[in-house]
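The analysis underlying the following values was restricted to heavy atoms, covering all of them including side chains, and did not include hydrogens, waters or symmetry mates. Worth saying up front: this structure is predicted, and the values here are computed from it rather than measured. Chain naming here is simple, since letters A, B, ... match the order of the sequence lines and numbering starts at 1 in each.
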Number of protein chains: 2
Amino acid sequence: MLHKHKRKTRRERLIEVGLDLFSRHSYDEVVIDDIAASANISKGLLYYYFPTKHDFYLAVLRHSTSQLLELTEPDDSLEPLERLRVGLLAYFTFAEMHARTYVALLRGGVGVDPEVAAILNHVRQTYVERVLQGLPESERHLPALRLTITGWVGFVEALSLVWLEERQLSKEQLAELAIRTLLATINSLHELGSSSR
Amino acid sequence: MLHKHKRKTRRERLIEVGLDLFSRHSYDEVVIDDIAASANISKGLLYYYFPTKHDFYLAVLRHSTSQLLELTEPDDSLEPLERLRVGLLAYFTFAEMHARTYVALLRGGVGVDPEVAAILNHVRQTYVERVLQGLPESERHLPALRLTITGWVGFVEALSLVWLEERQLSKEQLAELAIRTLLATINSLHELGSSSR
DNA sequence: CCCACTATTGAATATAGTTCAAATTTGACC
DNA sequence: GGTCAAATTTGAACTATATTCAATAGTGGG
């Protein structure tokens, strides 16, 4: 009875290996032999669990995005603004803890690969929905609201990426900044269209 | 005297071919034979001009980013706010005209490839600098100003990507929205730090 | 028209990704 | 504890694609 903690399935363990490799090297740099070697299996076995290298990559990507979404799941018992703050803190914490993976996640992707893009868009869309949920009914029908919030999600992503490099602010300040930006942007939305030029 | 308009060098023509191919297919999907066939040359010749496929991709990427930067060059004869607006309009126009290339550009990249990331970061950095230039001296020393502007650049990118899909607003309105967001965010920066929780 | 230099080719090579038949392991059932 | 089918695993063969290179063709100056 050597192995004590073998609850994890082979597939899961492979994904963990992939997570490690893809967070440190680009898609092309990671060769099948590396994956097999890191997981102590033969090349062939990888193909028993995943049809192609590309599918393997997608599985790894899906794994980490769904983990991200889980960890930042909104707590409905909180009032909207507090809920948003807590969500942002969780988001930055994830970015911090899985820094390399997180960066690879966002700035990664395999070329214009539509499947990769679809996964990332799904994550972004989910965040947009969550933010929309937190808005008071009165704000929900502003023109271009969804567009604006999508932009704001991009804002948060870009913010977090720089923050990971030069940790000047605390996570709390970052969240504060993000929230203020969201509110300010939504406010300025009220005036759009009624403006000249 | 067949060819009348052959001013373009072979290297340039190859980059144009790459631009076309990489905007329609992912890096992996584009194989050397495609490139050679599309350019009516032998595979070997590609290697006379570019050391590897990857370098070829980088050259193509650099070509389009520098074109983007050129077309959005700030017009210093305008006052800051107007300069920003014109720059944004040019930016959205580029996104519109080269939609596929533009999307591939931003959401593309080859895995976590540091070289690709470096090129895109350079573009973003340039925009951050340009925005900073336009700010009045009094605003230049706000805490986390650079961070915020980087976030805003992410905002504009995300905005433009959604906009390309569902063209709801005019370019003018988009620019208006982006500008308001920038100003509002910078404003709220004044209060950061002095705030509790 | 000759020479040196540049551009171009196509076949050979190297480096992955992928397939597959065979070997091993597992576990359910007798 | 033995048997057998299914699940897992292997390693070698196969394929596709990137890369190299020696040989060839073109170009322009003297």
Side-chain angles (χ1 to χ4, degrees), chain A residues 1-22 24-62 108-116, chain B residues 1-22 24-62 108-116:
Chain A
M1 306 300 112
L2 282 138
H3 35 58
K4 205 59 163 282
H5 32 251
K6 200 188 185 172
R7 23 192 171 293
K8 286 191 169 115
T9 159
R10 167 128 276 157
R11 200 189 140 90
E12 287 169 338
R13 277 179 289 154
L14 285 175
I15 286 186
E16 274 173 17
V17 166
L19 219 40
D20 175 52
L21 291 175
F22 286 127
R24 291 186 292 124
H25 308 281
S26 74
Y27 180 80
D28 273 341
E29 278 168 2
V30 175
V31 304
I32 299 281
D33 290 289
D34 292 344
I35 304 172
S38 297
N40 286 99
I41 59 168
S42 66
K43 280 153 59 127
L45 190 53
L46 192 64
Y47 286 88
Y48 180 74
Y49 291 97
F50 305 93
T52 68
K53 177 186 175 185
H54 185 246
D55 283 291
F56 175 61
Y57 179 81
L58 292 181
V60 171
L61 187 61
R62 280 199 206 93
V110 183
V112 218
D113 189 330
E115 288 169 295
V116 171
Chain B
M1 302 300 109
L2 282 138
H3 34 59
K4 204 56 165 283
H5 32 250
K6 200 189 181 169
R7 22 191 171 295
K8 286 191 170 117
T9 160
R10 168 127 273 158
R11 198 189 141 90
E12 285 169 339
R13 276 179 288 155
L14 285 176
I15 286 185
E16 274 173 17
V17 166
L19 219 39
D20 174 53
L21 292 175
F22 286 127
R24 291 185 293 124
H25 308 281
S26 73
Y27 180 81
D28 274 341
E29 278 167 3
V30 175
V31 303
I32 300 282
D33 290 287
D34 292 343
I35 305 171
S38 297
N40 285 98
I41 59 169
S42 66
K43 283 152 57 128
L45 190 54
L46 192 66
Y47 286 88
Y48 181 73
Y49 291 97
F50 305 93
T52 68
K53 176 186 175 185
H54 186 246
D55 282 292
F56 174 62
Y57 178 81
L58 292 180
V60 171
L61 186 62
R62 279 198 207 92
V110 183
V112 218
D113 189 332
E115 287 169 296
V116 171

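Residue D55(A) contributes atom CG, which lies 12 Å from atom C1' of dT18(C) at whole-angstrom precision. Look at OH on Y47(B): it is 16 Å from P on dG10(C), rounded to the nearest Å. Between the CZ atom of F56(A) and the P atom of dT18(C) there is a distance of 12 Å, given to the nearest Å.
If you take CG on L46(B) and CZ on R11(B), they are separated by 10.5 Å, rounding to the nearest 0.5 Å. Once rounded to the nearest 0.5 Å, the distance linking CD of E115(A) with NE2 of H54(A) reads 5.0 Å.
A heavy-atom distance below 4.0 Å to DNA chain D is reached by these residues of residues 30-44 of chain B, ordered by number: V30(B), V31(B), I32(B), K43(B).
Within the nucleic acid shown, Y49(A) comes within 4.0 Å of sugar-phosphate atoms alone, with no base atom in reach, counting heavy atoms only.
Read 5' to 3', the first and last nucleotides of DNA chain D with an atom closer than 4.0 Å to a heavy atom of chain A are dA7(D) to dG11(D).
Annotation for S42(A) and A36(A): closest pair C-CB, 3.9 Å, computed over non-hydrogen atoms. For the residue pair L14(A) and I41(A), the shortest heavy atom distance occurs at CD2-CD1, 3.7 Å.
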Criterion side-chain contact (heavy atoms from CB on, under 4.5 Å) on F50(B) and I15(B), from CA distance to verdict: CA-CA 10 Å; F50(B) 305 93; I15(B) 286 185; 4.0 Å; yes

- request: Give the intermediate values and the outcome of side-chain contact (heavy atoms from CB on, under 4.5 Å) for residues D34(B) and H25(B).
  value: CA-CA 11 Å; D34(B) 292 343; H25(B) 308 281; over 6 Å; no

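Ring geometry for F56(B) against F22(B) counts as tilted: the plane angle lies between 30° and 60°, on a 0 to 90° scale.
For residues 42-58 of chain B, the salt bridge (Lys or Arg N to Asp or Glu O under 4.0 Å) pairs, not counting sequence neighbours, are D33(B)-K43(B).
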